[in-house]
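Dropping the structure in here first, questions after.
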Amino acid sequence: MPEVPTPSLVDLTSHIDSQLARILDDRQQIAAERNLICQHLLDQDAPTAMFLNPDAPVARSVWDRVESLLQERVNQRTPLQYLLGEAWFYGQPFMVAPGVLIPRPETELLVAWACSVLEEQAQEQAQSPTHLLDLGTGSGCMAICLKQRFAQTQVVATDLSPDALAIARQNAAYHDVALTLLEGSWFEALGPVSPVASLQFDLIVCNPPYIDAEQAKHLAPELGWEPPTSLFTDNPAQLYTTLFEGAQAWLKPGGSLMAEWAFNHADTVLPVLKQQFEGVFAFSVQPDYAGHRRHVRGQRRASFL
Ligand SMILES: C[S@@+](CC[C@H](N)C(=O)[O-])C[C@H]1O[C@@H](n2cnc3c(N)ncnc32)[C@H](O)[C@@H]1O
(Lines give C-alpha, C1' and ligand atoms only; values in the text may rest on other atoms or scores of the structure.)
Protein backbone atom coordinates (compact mmCIF):
# COMPACT_ATOMS: atom_id res chain seq x y z
CA MET A 1 0.00 0.00 0.00
CA PRO A 2 1.42 3.47 -0.85
CA GLU A 3 2.37 5.47 2.22
CA VAL A 4 0.19 8.52 3.00
CA PRO A 5 2.58 11.51 3.14
CA THR A 6 2.80 13.23 6.52
CA PRO A 7 1.20 16.70 6.26
CA SER A 8 3.44 19.69 6.92
CA LEU A 9 2.75 22.93 8.79
CA VAL A 10 2.17 24.72 5.50
CA ASP A 11 -0.37 22.03 4.50
CA LEU A 12 -2.18 22.54 7.80
CA THR A 13 -2.33 26.34 7.64
CA SER A 14 -3.49 26.26 3.98
CA HIS A 15 -6.17 23.75 4.95
CA ILE A 16 -7.37 25.97 7.83
CA ASP A 17 -7.44 29.03 5.56
CA SER A 18 -9.41 27.28 2.84
CA GLN A 19 -11.96 25.93 5.31
CA LEU A 20 -12.43 29.30 7.02
CA ALA A 21 -12.76 31.02 3.62
CA ARG A 22 -16.01 29.06 3.17
CA ILE A 23 -17.64 31.24 5.85
CA LEU A 24 -15.45 34.35 6.16
CA ASP A 25 -14.71 37.03 3.53
CA ASP A 26 -12.27 39.06 5.55
CA ARG A 27 -8.68 37.84 5.02
CA GLN A 28 -7.54 39.50 8.23
CA GLN A 29 -10.15 37.62 10.24
CA ILE A 30 -9.16 34.35 8.55
CA ALA A 31 -5.51 34.97 9.47
CA ALA A 32 -6.44 35.93 13.04
CA GLU A 33 -8.57 32.78 13.54
CA ARG A 34 -5.92 30.56 11.91
CA ASN A 35 -3.26 31.94 14.25
CA LEU A 36 -5.47 31.40 17.30
CA ILE A 37 -6.17 27.79 16.27
CA CYS A 38 -2.45 27.09 15.75
CA GLN A 39 -1.48 28.81 18.99
CA HIS A 40 -4.04 26.83 20.89
CA LEU A 41 -3.73 23.37 19.32
CA LEU A 42 -0.08 23.38 18.26
CA ASP A 43 1.06 25.62 21.08
CA GLN A 44 2.97 27.84 18.69
CA ASP A 45 2.75 31.13 16.91
CA ALA A 46 1.78 30.19 13.34
CA PRO A 47 3.45 33.06 11.41
CA THR A 48 6.75 32.52 13.24
CA ALA A 49 6.64 28.73 12.90
CA MET A 50 5.73 29.04 9.21
CA PHE A 51 8.64 31.36 8.66
CA LEU A 52 11.13 29.21 10.57
CA ASN A 53 10.08 25.78 9.42
CA PRO A 54 7.15 25.57 7.00
CA ASP A 55 7.91 21.91 6.16
CA ALA A 56 7.79 20.72 9.79
CA PRO A 57 5.60 17.61 10.00
CA VAL A 58 2.25 17.81 11.75
CA ALA A 59 1.19 14.76 13.75
CA ARG A 60 -1.96 13.05 12.51
CA SER A 61 -3.57 13.48 15.96
CA VAL A 62 -3.09 17.26 15.74
CA TRP A 63 -4.48 17.35 12.20
CA ASP A 64 -7.54 15.40 13.38
CA ARG A 65 -8.15 17.80 16.31
CA VAL A 66 -7.92 20.80 13.99
CA GLU A 67 -10.23 19.08 11.53
CA SER A 68 -12.94 18.43 14.13
CA LEU A 69 -12.71 22.02 15.39
CA LEU A 70 -13.04 23.31 11.81
CA GLN A 71 -16.11 21.13 11.26
CA GLU A 72 -17.87 22.85 14.16
CA ARG A 73 -16.61 26.28 13.21
CA VAL A 74 -17.66 25.99 9.55
CA ASN A 75 -20.72 23.73 9.66
CA GLN A 76 -22.30 24.93 12.91
CA ARG A 77 -20.90 28.51 12.73
CA THR A 78 -19.83 28.16 16.38
CA PRO A 79 -17.69 31.18 17.32
CA LEU A 80 -14.03 30.18 17.56
CA GLN A 81 -13.78 31.61 21.08
CA TYR A 82 -16.41 29.17 22.35
CA LEU A 83 -14.60 26.25 20.68
CA LEU A 84 -11.29 27.25 22.27
CA GLY A 85 -12.94 28.25 25.57
CA GLU A 86 -11.19 31.61 25.68
CA ALA A 87 -11.24 35.11 24.22
CA TRP A 88 -8.55 37.77 24.30
CA PHE A 89 -9.39 41.17 25.78
CA TYR A 90 -7.02 43.99 26.66
CA GLY A 91 -4.06 41.68 25.92
CA GLN A 92 -5.17 38.87 28.24
CA PRO A 93 -7.14 35.62 27.96
CA PHE A 94 -10.61 35.33 29.48
CA MET A 95 -12.57 32.12 29.82
CA VAL A 96 -15.78 32.13 27.77
CA ALA A 97 -18.60 29.65 27.20
CA PRO A 98 -22.00 29.95 25.47
CA GLY A 99 -23.56 31.37 28.69
CA VAL A 100 -21.58 34.58 28.34
CA LEU A 101 -20.93 37.25 25.72
CA ILE A 102 -17.58 37.05 23.91
CA PRO A 103 -15.78 40.31 24.76
CA ARG A 104 -15.44 42.59 21.73
CA PRO A 105 -12.41 44.68 20.72
CA GLU A 106 -14.33 47.99 20.76
CA THR A 107 -15.08 47.47 24.46
CA GLU A 108 -11.33 47.66 25.10
CA LEU A 109 -11.61 51.32 24.09
CA LEU A 110 -14.23 51.88 26.79
CA VAL A 111 -11.87 50.41 29.40
CA ALA A 112 -9.01 52.60 28.11
CA TRP A 113 -11.23 55.69 28.27
CA ALA A 114 -12.45 54.79 31.78
CA CYS A 115 -8.84 54.37 32.96
CA SER A 116 -7.83 57.78 31.60
CA VAL A 117 -10.89 59.46 33.19
CA LEU A 118 -10.09 57.83 36.55
CA GLU A 119 -6.42 58.83 36.35
CA GLU A 120 -7.39 62.42 35.59
CA GLN A 121 -9.90 62.41 38.45
CA ALA A 122 -7.30 60.94 40.83
CA GLN A 123 -4.83 63.69 39.94
CA GLU A 124 -7.40 66.46 40.38
CA GLN A 125 -8.63 65.10 43.71
CA ALA A 126 -5.19 63.85 44.86
CA GLN A 127 -6.94 60.60 45.75
CA SER A 128 -7.33 57.23 44.00
CA PRO A 129 -10.84 56.02 43.18
CA THR A 130 -12.37 54.02 46.01
CA HIS A 131 -15.35 52.32 44.37
CA LEU A 132 -16.06 51.24 40.78
CA LEU A 133 -19.08 49.48 39.36
CA ASP A 134 -19.43 47.33 36.22
CA LEU A 135 -23.09 46.73 35.35
CA GLY A 136 -23.74 43.61 33.22
CA THR A 137 -20.23 42.28 33.69
CA GLY A 138 -20.56 39.13 31.51
CA SER A 139 -17.16 37.41 31.55
CA GLY A 140 -15.96 40.07 33.99
CA CYS A 141 -13.50 41.40 31.40
CA MET A 142 -14.00 45.13 32.11
CA ALA A 143 -14.22 44.77 35.90
CA ILE A 144 -11.06 42.64 36.00
CA CYS A 145 -9.03 45.04 33.82
CA LEU A 146 -10.14 47.99 36.00
CA LYS A 147 -9.27 46.13 39.19
CA GLN A 148 -5.84 45.26 37.77
CA ARG A 149 -5.24 48.94 37.01
CA PHE A 150 -6.67 50.29 40.31
CA ALA A 151 -5.72 47.55 42.74
CA GLN A 152 -6.73 49.44 45.90
CA THR A 153 -10.25 50.13 44.63
CA GLN A 154 -13.31 48.04 45.45
CA VAL A 155 -14.76 46.84 42.15
CA VAL A 156 -18.38 45.71 42.18
CA ALA A 157 -19.59 43.72 39.16
CA THR A 158 -23.23 42.76 38.58
CA ASP A 159 -25.19 40.68 36.12
CA LEU A 160 -28.71 39.38 35.68
CA SER A 161 -27.33 36.03 34.55
CA PRO A 162 -26.03 33.52 37.13
CA ASP A 163 -24.15 31.73 34.30
CA ALA A 164 -22.29 34.93 33.44
CA LEU A 165 -21.47 35.57 37.11
CA ALA A 166 -20.08 32.04 37.47
CA ILE A 167 -17.73 32.67 34.54
CA ALA A 168 -16.79 36.14 35.84
CA ARG A 169 -15.93 34.48 39.18
CA GLN A 170 -13.64 31.98 37.44
CA ASN A 171 -11.97 34.73 35.42
CA ALA A 172 -11.41 36.82 38.55
CA ALA A 173 -9.80 33.80 40.23
CA TYR A 174 -7.65 33.09 37.16
CA HIS A 175 -6.42 36.70 37.10
CA ASP A 176 -6.08 36.71 40.88
CA VAL A 177 -8.24 39.78 41.52
CA ALA A 178 -11.01 40.23 44.08
CA LEU A 179 -14.37 41.43 42.73
CA THR A 180 -17.66 41.89 44.59
CA LEU A 181 -20.08 39.96 42.34
CA LEU A 182 -23.81 40.62 42.69
CA GLU A 183 -26.80 39.17 40.84
CA GLY A 184 -29.76 41.29 39.77
CA SER A 185 -31.14 43.74 37.25
CA TRP A 186 -28.96 46.82 36.80
CA PHE A 187 -28.94 48.92 40.02
CA GLU A 188 -31.38 46.57 41.78
CA ALA A 189 -28.43 44.19 42.24
CA LEU A 190 -27.03 46.75 44.72
CA GLY A 191 -30.36 46.81 46.56
CA PRO A 192 -31.01 47.43 50.25
CA VAL A 193 -29.75 44.04 51.41
CA SER A 194 -26.52 44.15 49.41
CA PRO A 195 -23.18 44.83 51.09
CA VAL A 196 -22.62 47.96 48.98
CA ALA A 197 -26.01 49.61 49.64
CA SER A 198 -24.60 52.70 51.33
CA LEU A 199 -21.84 53.41 48.80
CA GLN A 200 -21.48 55.75 45.91
CA PHE A 201 -19.15 55.08 42.97
CA ASP A 202 -16.37 57.12 41.38
CA LEU A 203 -17.22 55.55 38.04
CA ILE A 204 -19.70 53.12 36.55
CA VAL A 205 -19.04 51.24 33.32
CA CYS A 206 -21.70 49.38 31.38
CA ASN A 207 -21.84 47.54 28.07
CA PRO A 208 -25.54 46.63 28.01
CA PRO A 209 -27.36 44.47 25.45
CA TYR A 210 -28.09 47.17 22.86
CA ILE A 211 -29.00 45.48 19.56
CA ASP A 212 -32.49 46.51 18.48
CA ALA A 213 -34.99 44.59 16.34
CA GLU A 214 -33.89 46.32 13.11
CA GLN A 215 -30.19 45.49 13.59
CA ALA A 216 -31.06 41.96 14.71
CA LYS A 217 -32.22 41.21 11.14
CA HIS A 218 -28.68 41.62 9.78
CA LEU A 219 -26.54 39.61 12.18
CA ALA A 220 -23.97 36.90 11.42
CA PRO A 221 -25.10 33.35 12.37
CA GLU A 222 -22.36 33.21 15.04
CA LEU A 223 -24.39 35.60 17.21
CA GLY A 224 -27.05 32.90 17.53
CA TRP A 225 -24.64 31.15 19.93
CA GLU A 226 -24.46 34.04 22.38
CA PRO A 227 -27.12 34.50 25.10
CA PRO A 228 -29.95 36.68 23.71
CA THR A 229 -30.06 38.55 27.04
CA SER A 230 -26.50 39.71 26.40
CA LEU A 231 -27.32 41.08 22.94
CA PHE A 232 -30.86 42.39 22.47
CA THR A 233 -33.05 45.19 23.75
CA ASP A 234 -36.61 46.16 22.75
CA ASN A 235 -36.03 49.81 23.43
CA PRO A 236 -32.52 51.32 23.46
CA ALA A 237 -33.68 54.79 24.56
CA GLN A 238 -35.51 53.28 27.54
CA LEU A 239 -32.49 51.12 28.40
CA TYR A 240 -30.01 54.03 28.60
CA THR A 241 -32.61 56.19 30.37
CA THR A 242 -32.87 53.46 33.07
CA LEU A 243 -29.08 53.41 33.42
CA PHE A 244 -28.72 57.19 33.75
CA GLU A 245 -31.70 57.41 36.10
CA GLY A 246 -30.04 54.90 38.44
CA ALA A 247 -26.62 56.51 38.08
CA GLN A 248 -27.98 59.79 39.50
CA ALA A 249 -28.21 58.14 42.92
CA TRP A 250 -25.21 55.82 42.72
CA LEU A 251 -22.51 58.20 41.45
CA LYS A 252 -20.44 60.56 43.56
CA PRO A 253 -20.69 64.19 42.36
CA GLY A 254 -18.14 64.46 39.52
CA GLY A 255 -18.30 60.69 38.92
CA SER A 256 -19.21 59.27 35.53
CA LEU A 257 -21.35 56.62 33.91
CA MET A 258 -19.52 55.39 30.82
CA ALA A 259 -21.39 53.06 28.47
CA GLU A 260 -21.12 51.39 25.10
CA TRP A 261 -23.93 51.59 22.57
CA ALA A 262 -24.63 50.84 18.90
CA PHE A 263 -22.97 52.74 16.06
CA ASN A 264 -26.12 54.89 15.52
CA HIS A 265 -27.15 55.53 19.13
CA ALA A 266 -25.25 58.82 19.35
CA ASP A 267 -27.79 60.07 16.79
CA THR A 268 -30.90 58.39 18.16
CA VAL A 269 -30.42 57.98 21.94
CA LEU A 270 -28.12 60.84 22.94
CA PRO A 271 -30.74 63.54 22.20
CA VAL A 272 -33.21 61.68 24.45
CA LEU A 273 -30.66 61.50 27.27
CA LYS A 274 -29.70 65.14 26.87
CA GLN A 275 -33.29 66.24 26.99
CA GLN A 276 -33.90 64.37 30.21
CA PHE A 277 -30.57 64.56 32.04
CA GLU A 278 -28.63 67.57 30.73
CA GLY A 279 -29.07 69.30 34.10
CA VAL A 280 -27.56 66.35 35.98
CA PHE A 281 -24.91 65.01 33.59
CA ALA A 282 -22.42 66.60 31.18
CA PHE A 283 -22.34 64.27 28.16
CA SER A 284 -19.46 63.44 25.85
CA VAL A 285 -18.82 60.66 23.31
CA GLN A 286 -15.78 58.80 21.95
CA PRO A 287 -15.36 57.01 18.62
CA ASP A 288 -14.57 53.33 18.05
CA TYR A 289 -11.96 51.96 15.60
CA ALA A 290 -14.38 52.58 12.70
CA GLY A 291 -15.02 56.20 13.73
CA HIS A 292 -18.55 55.55 15.07
CA ARG A 293 -19.46 57.50 18.24
CA ARG A 294 -19.57 54.24 20.18
CA HIS A 295 -19.07 55.24 23.81
CA VAL A 296 -20.94 57.76 25.91
CA ARG A 297 -19.85 59.39 29.14
CA GLY A 298 -22.22 61.23 31.43
CA GLN A 299 -20.33 63.03 34.18
CA ARG A 300 -22.51 63.86 37.17
CA ARG A 301 -22.38 67.60 37.74
CA ALA A 302 -21.07 68.74 41.11
CA SER A 303 -24.33 70.62 41.60
CA PHE A 304 -27.44 70.13 39.49
CA LEU A 305 -28.36 72.87 36.99
C1 LIG B 1 -23.26 43.06 25.99
S2 LIG B 1 -23.05 41.99 27.39
C3 LIG B 1 -21.60 42.72 28.10
C4 LIG B 1 -20.74 41.75 28.85
C5 LIG B 1 -19.39 42.34 29.27
N6 LIG B 1 -19.54 43.51 30.08
C7 LIG B 1 -18.58 42.69 28.05
O8 LIG B 1 -18.43 43.86 27.72
O9 LIG B 1 -18.08 41.74 27.39
C10 LIG B 1 -24.36 42.54 28.42
C11 LIG B 1 -24.41 41.85 29.77
O12 LIG B 1 -25.49 42.45 30.51
C13 LIG B 1 -26.20 41.43 31.17
N14 LIG B 1 -27.58 41.91 31.38
C15 LIG B 1 -28.62 41.90 30.53
N16 LIG B 1 -29.71 42.47 31.08
C17 LIG B 1 -29.34 42.84 32.33
C18 LIG B 1 -29.99 43.48 33.40
N19 LIG B 1 -31.28 43.85 33.31
N20 LIG B 1 -29.31 43.70 34.53
C21 LIG B 1 -28.02 43.33 34.65
N22 LIG B 1 -27.32 42.73 33.66
C23 LIG B 1 -27.97 42.48 32.52
C24 LIG B 1 -26.11 40.22 30.28
O25 LIG B 1 -26.34 39.03 31.01
C26 LIG B 1 -24.68 40.37 29.74
O27 LIG B 1 -23.76 39.69 30.55
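When a ligand or atom number is given, it counts from 1 through the structure's own listing order. Here, residue 1 is the first one in the sequence, and each next residue gets the next number.
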| Is the shortest N/O to N/O distance between Asp159 and ligand 1 below 3.5 Å? | yes
| note | Looking only at protein heavy atoms, what sits closest to atom 16 (N) of ligand 1 is Trp186 CZ2, 3.7 Å
| request: List the steps, then state whether salt bridge (charged side-chain N to carboxylate O under 4.0 Å, His left out) holds for Arg77 with Glu72. | output: CA-CA 7 Å; Arg77 300 295 295 262; Glu72 285 194 64; over 6 Å; no
| Which residue holds the protein heavy atom closest to atom 10 (C) of ligand 1, what is that atom called, and what is the gap in Å? | Asn207 O, 3.2 Å
| message | At less than 4.0 angstrom from any non-hydrogen atom of Cys141, what atoms of ligand 1 do you find? | response | 7 (C), 9 (O)
| Is Arg73 paired with Glu222 through a side-chain N to carboxylate O contact shorter than 4.0 Å? | yes
| query | How close does the nearest protein non-hydrogen atom get to atom 15 (C) of ligand 1, and which residue and atom is it? | reply | Thr229 O, 3.2 Å
| note | Quick look: Thr137 vs ligand 1, heavy-atom contacts under 4.0 Å, and the answer is backbone
| note | Looking at Ser230, Gly138, Gly99, the heavy atom closest to atom 1 (C) of ligand 1 belongs to Ser230
| request: Scan Arg297, Arg300, Gln299 and name whichever one has a side-chain hydrogen bond (donor to acceptor under 3.5 Å, both in side chains) with Ser256. | output: Arg297
| request: For atom 19 (N) of ligand 1, find the nearest protein heavy atom and state the residue, atom name and distance (0.1 Å precision). | output: Ser185 OG, 3.0 Å
| query | In terms of the angle between their ring planes, are His15 and Trp63 parallel, tilted or perpendicular, with boundaries placed at 30° and 60°? | reply | parallel
| query | Under the 3.5 angstrom rule, does the side chain of Arg294 hit a backbone N or O of Glu106 as a donor-acceptor pair? | reply | no
| So which protein heavy atom does atom 6 (N) of ligand 1 come closest to, and at what separation? | Gly136 O, 2.9 Å
| message | Just to confirm my output: which protein heavy-atom neighbour is closest to atom 22 (N) of ligand 1, and how far is it? | response | Leu160 N, 3.3 Å
| field | Residues Arg27 and Asp17 bridged, charged N to O under 4.0 Å | value | no
| field | Considering all heavy atoms, the nearest Ile102-Ala87 contact | value | CG2-CB, 4.0 Å
